[in-house]
Asker: 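Could you have a look at this structure, given as structure tokens, before my questions?
Residue numbers begin at 1 in each chain, while the letters A, B, ... track the order of the sequences. Keep in mind that this is a model prediction, so the values were computed, not measured.
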Amino acid sequence: MAQDNILAVIDIGSAETKVLVVDLEPQLQVIGAFCAKTEGMRKGEIVNLGALKESVHSVIGQAEKLAGAARRVRGACLAVSGALVGGFSVKGLTSVKSGVVRADDKDAARADAFDACLHRIPENRHIVQHMLRRYLLDRRQREEPLGLSGRELTYDLWVIDADDTYLTELYQIPNRLGMTVRGLFPASLASAEAVRTFAQIMDDNRLVIDIGAGTSDFVLFRDGAVVCTGVIPVGGEHITNDMSRGLQIRMEDAERLKIKYGNAYARDDDVFAEIDLDSFEGELKGFSKHVSRYKMELITELRLRELFTLIAKKINAEEAFSGTVFLTGGTAQMEGIGKLASAIFGNAEVRIGEPSLSFARAYAEPKYSTVVGLAKLYRDALSQKREALGKSGWFRRFFRGMF
Amino acid sequence: MENFEEKQSATPDGNAAPGNAPAGTPLPPPLRLKVVGVGGAATRMVSQLCESKAFAAEFVAADTSVSELAAAERFGVRTVLLGENITGGIGAGTEASRGAAAAKASEETLRAMLAGTDLVVLIASLGRGTGSGASVEIVNLARETGVPSVCFATTPFSWEGVKSTEQASVAIDALHANSNAFILIENNLIAQTVASGGSFSEGFKISDRWIESGVTACCRMLLNTSGRMRVDLASFKNLFPNVGTRTLFSVGGGEGGNAQEEALTELFRCPLLKTRTSVSSDAETLAIHIETGTEPSLAFVNETVQRVKDRFGGDLRTLSSYAVNPALGTRLEICVFGAAGLRKASRVVHPVPKKKKQDSVMPGGVLVLGADDDDVADGNAEPSLALDDRLGGFAETRHRLFEGKDLDTPTYIRKQINLDKTLAKKKKEFGGAPKK
Ligand SMILES: Nc1ncnc2c1ncn2[C@@H]1O[C@H](COP(=O)(O)OP(=O)(O)OP(=O)(O)O)[C@@H](O)[C@H]1O
Ligand SMILES: Nc1nc2c(ncn2[C@@H]2O[C@H](COP(=O)(O)OP(=O)(O)O)[C@@H](O)[C@H]2O)c(=O)[nH]1
Ligand SMILES: [Mg+2]
Ligand SMILES: [Mg+2]
């Protein structure tokens with residue numbers, strides 16, 4: 001029985017795989033953790049399944065070992081990300097027969113939304129998760145329409161779906177170790193959960209962006225409810241790639257340069273600054289030993305500006321944004337990134353977020369946001385499930401995705 | 001490029017030639033080379049090449065537009081009108097599918113055109129109907145009929161719109177997967193190499209010039225009959241035994257006392273090295289062609305070849321060749337051609353447009369390999385090359401376009417921001433003196 005409480009929480013990032021082995025009872029607790037380079041994945045996309053399995057298995061193995069040899073982990077929880085993950089909204093509609101919204105009106109609207117969703121989703125894609133965005137009663141937003149009078153009730157649903165092949169391949173990774181997948185969440189939601197501060201009450205408007213190596217996962221909340229989620233296949237590796245090409249240096253050199261001297265703004269102070277590549281053993285030795293710091297910053301600024309603008313366009317298509325922006329993921333550590341994000345998201349307050357959950361104090365680094373949040377989401381969903389099983393009736397609508 | 005005389009008469013070949021022609025007699029062109037332009041812009045480029053007489057090959061233009069072809073005919077280019085019944089001879093418009101249909105309708109004419117060819121050099125201007133649609137069909141035909149192909153393709157500027165970019169991207173994947181060597185001329189990228197703020201057509205002119213010098217260098221290397229070292233067809237085929245591998249292609253030139261240094265610097269920084277289908281280092285096979293105005297010293301050739309190898313690789317096989325071309329004077333020109341990914345070629349899954357041809361991607365490739373090529377064909381011979389060592393590159397991933405944008409290409413390139421120019425302007429703004 002005790003084994004059922006042990007879960008491997010796995011975030012396969014394009015750069016690094018992070019695994020937490022957690023004990024779910026009586027309280028969420030990390031009992032083993034490991035993080036190492038991922039092979040066979042680019043931009044959240046599986047490019048070499050064999051290599052990917054091997055590298056992820058070794059990380060899981062290490063985490064298990066740290067958790068104690070006696071414990072064989074049987075369950076896994078995974079994050080999904082990359083260009084093969086999508087999100088869209090569907091609306092279910094019903095006419096309110098009695099003129100006052102009753103529980104069965106809500107059920108009817110919900111059923112209609114799911115019907116519409118099943119029609120929209122192509123055969124080769126699967127629903128990862130869906131959530132109620134809001135109710136509209138005669139086109140006006142209502143937090144809880146029950147008992148209100150009106151004629152037409154809309155159930156506005158946000159659906160996150162993913163490509164079948166991708167999911168099948170992803171599932172194979174834990175399955176091959178004899179683990180069953182018990183939870184599956186979008187990376188965006190997981191990261192958002194991890195950086196949610198205590199002080200923050202649910203009814204916050206916030207945009208959370210996890211900028212990793214190959215993808216940027218974002219989620220927009222209004223009044224605590226999800227408005228939209230998305231993945232842009234651009235991350236820190238693109239900055240490195242651009243530097244490598246623009247400065248004519250190797251990828252490894254570009255990566256080190258970025259981490260040591262990177263800045264999200266092309267600064268006037270750096271127009272004449274040069275960085276000596278010799279300390280990095282640059283490849284173009286004999287041709288050019290110095291790279292311009294300004295050029296490097298300009299390359300980064302252009303890339304990040306474009307990324308934020310893409311995200312701004314996506315969320316503004318849903319509704320004009322005002323609120324707080326949280327940046328997390330490895331690339332959130334870039335100097336000046338907060339200022340740049342603020343400029344693009346209408347001078348919003350920007351915070352650089354790292355996991356702030358008490359059970360994972362030791363993992364308070366931006367790159368661990370997804371994995372830490374994943375554990376929390378699974379645990380919460382589990383409690384909700386138990387609660388709902390205990391009660392009955394319309395509580396069931398809290399059921400999410402696969403639970 | 002300047003006009004060159006036919007080389008073989010300028011410098012008779014002293015070597016025993018295939019067929020044992022008596023020394024001193026001009027040889028027939030050793031290679032039946034066809035340079036085929038597909039699409040309106042490519043047709044004009046082929047006309048230019050034909051007019052320049054920089055090398056001896058047969059020039060062919062394949063297009064859907066009667067007027068484009070009529071213009072090309074005046075330069076002595078052989079013309080193939082595609083799908084007259086489909087397009088009515090007025091062009092294929094913006095739909096690649098129309099270009100493809102036109103080429104399919106003229107399949108027999110195209111087959112006849114390809115017959116008796118040792119190597120086809122295809123030039124495709126991607127973005128609109130004919131270039132993007134018909135070129136894919138022609139490369140497929142070449143592959144089917146066993147004619148090795150070297151494909152040069154230009155991509156549309158980002159201002160030409162999402163549709164052009166998308167259409168070109170689909171065509172690139174298909175061309176890359178089915179040609180023995182594939183060279184991309186990314187218009188957005190090469191526009192970086194010159195002063196910005198040029199006129200509208202300036203960008204196209206630069207693109208024309210790159211095509212011209214690329215194709216010329218490539219063909220002159222293959223047709224070289226002067227010099228003591230050369231690349232013949234058989235060895236060239238050995239360099240590119242498989243379709244769908246990644247190609248390294250670069251040209252550079254220098255002049256005067258510092259010619260070698262200049263040429264190498266240009267060669268190493270060539271924008272053709274930075275495209276998404278190319279490699280810029282660690283090529284497995286390499287051909288290095290050097291042209292000088294006067295007979296070079298052996299030490300000079302050796303040193304140059306060594307430095308090119310140090311930079312570009314060529315561990316599996318390297319061929320070097322040189323030619324003396326008096327028209328060059330003190331000028332030195334270098335052209336490098338190579339392939340990477342041969343070892344793992346059989347593991348890379350490329351889209352194959354037609355199902356029935358799938359088996360030709362199998363190890364061994366479409367071409368018959370020489371005995372010493374076993375290691376090339378064997379997919380398990382060695383683990384794949386470390387991609388990280390190259391400059392940039394996301395080529396392995398399948399989903400390159402995100403909502404019509406090629407986000408893997410650096411933003412500064414797509415936005416056509418010239419980094420050096422911007423920096424220089426900034427420096428000027430601050431008075432040219434370091435600010436404290
Ligand atoms: N100090 C820093 N400044 C800028 N970038 C950094 C810094 N430290 C790490 N990075 C970048 O963060 C990225 C890794 O972040 P992270 O571990 O969150 O990505 P991932 O989860 O593996 O990838 P993804 O979520 O995109 O699949 C790398 O691209 C790395 O270059
Ligand atoms: N280099 C170059 N490219 C051109 C020129 N004109 C058009 N192009 C490019 O070629 C692409 C295809 O145009 P074109 O060949 O006229 O169309 P097609 O005949 O239908 O294939 C366009 O998208 C442009 O990017 C030119 O004069 N020179
Ligand atoms: Mg991540
Ligand atoms: Mg045309």
Asker: Taking A:Glu306 first and then B:Arg414, would you say they form a salt bridge - that is, a charged N and a carboxylate O separated by under 4.0 Å?
Answerer: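 A salt bridge links A:Glu306 with B:Arg414.
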
Asker: Where do B:Thr409 and A:Arg303 come nearest, in terms of heavy atoms and distance?
Answerer: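 The answer is O-NH2, 3.3 Å.
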
Asker: Within the structure provided, determine whether A:Leu307 and B:Leu407 are in side-chain contact (heavy-atom separation under 4.5 Å).
Answerer: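 Contact flag for A:Leu307/B:Leu407 side chains = no.
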
Asker: For the residue pair B:Asp420 and A:Lys295, establish whether any side-chain heavy-atom pair is separated by less than 4.5 Å.
Answerer: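 Side chain of B:Asp420 against side chain of A:Lys295, heavy atoms only: contact under 4.5 Å found.
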
Asker: Can you check whether A:Gly246's main-chain N or O pairs, donor with acceptor, with B:Tyr412's side chain at less than 3.5 Å?
Answerer: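 Present.
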
Asker: Non-hydrogen atoms of chain B under 4.5 Å away: do they reach the side chain of A:Ile239, the backbone, both or neither?
Answerer: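 For A:Ile239, no heavy atom lies under 4.5 Å from chain B.
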
Asker: To the nearest 0.5 Å, tell me how far B:Lys274 NZ sits from A:Ser244 OG.
Answerer: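 Result: 10.0 Å between the selected atoms.
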
Asker: Can you tell me how far OG of B:Ser280 sits from CD of A:Gln248, rounded to the nearest 0.5 angstrom?
Answerer: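 One finds 7.5 Å between CD of A:Gln248 and OG of B:Ser280.
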
Asker: Of the non-hydrogen atoms in A:Asp242 and B:Thr411, which two are nearest, and what is the gap between them?
Answerer: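 So the two residues come closest at OD2-N, 3.6 Å.
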
Asker: Would the distance check show the side chain of A:Asn241 and the main-chain N or O of B:Asp408 forming a donor-acceptor pair, the cut-off being under 3.5 Å?
Answerer: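 Confirmed, A:Asn241 side chain pairs with B:Asp408 backbone.
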
Asker: Is it the case that atom NZ in B:Lys426 sees more than 12 heavy atoms from other parts of the structure closer than 6.0 Å?
Answerer: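 Count over threshold, so yes.
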
Asker: Roughly how far, to the nearest 0.5 Å, is the CZ atom of A:Arg245 from the CG atom of B:Leu419?
Answerer: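 Between B:Leu419 CG and A:Arg245 CZ, I get 12.0 Å after rounding to 0.5 Å.
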
Asker: Excluding sequence neighbours, so at least two apart, what forms side-chain contact (heavy atoms from CB on, under 4.5 Å) with A:Asp164?
Answerer: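 Result, side-chain contact (heavy atoms from CB on, under 4.5 Å) vs A:Asp164: A:His126.
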
Asker: Side chain from CB out, backbone as N, CA, C, O: work out which of these in A:Val271 comes under 4.5 Å of a heavy atom of chain B, or both, or neither.
Answerer: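 Contact with chain B involves both backbone and side-chain atoms of A:Val271.
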
Asker: If the threshold is 4.0 Å, N to carboxylate O, is there a salt bridge linking B:Glu403 and A:Lys314?
Answerer: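 The answer is yes: the pair qualifies as a salt bridge.
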
Asker: Hey, is CD on A:Glu335 packed in by over 12 heavy atoms from elsewhere, all under 6.0 Å?
Answerer: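 Not buried by this count: 12 neighbours or fewer within 6.0 Å.
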
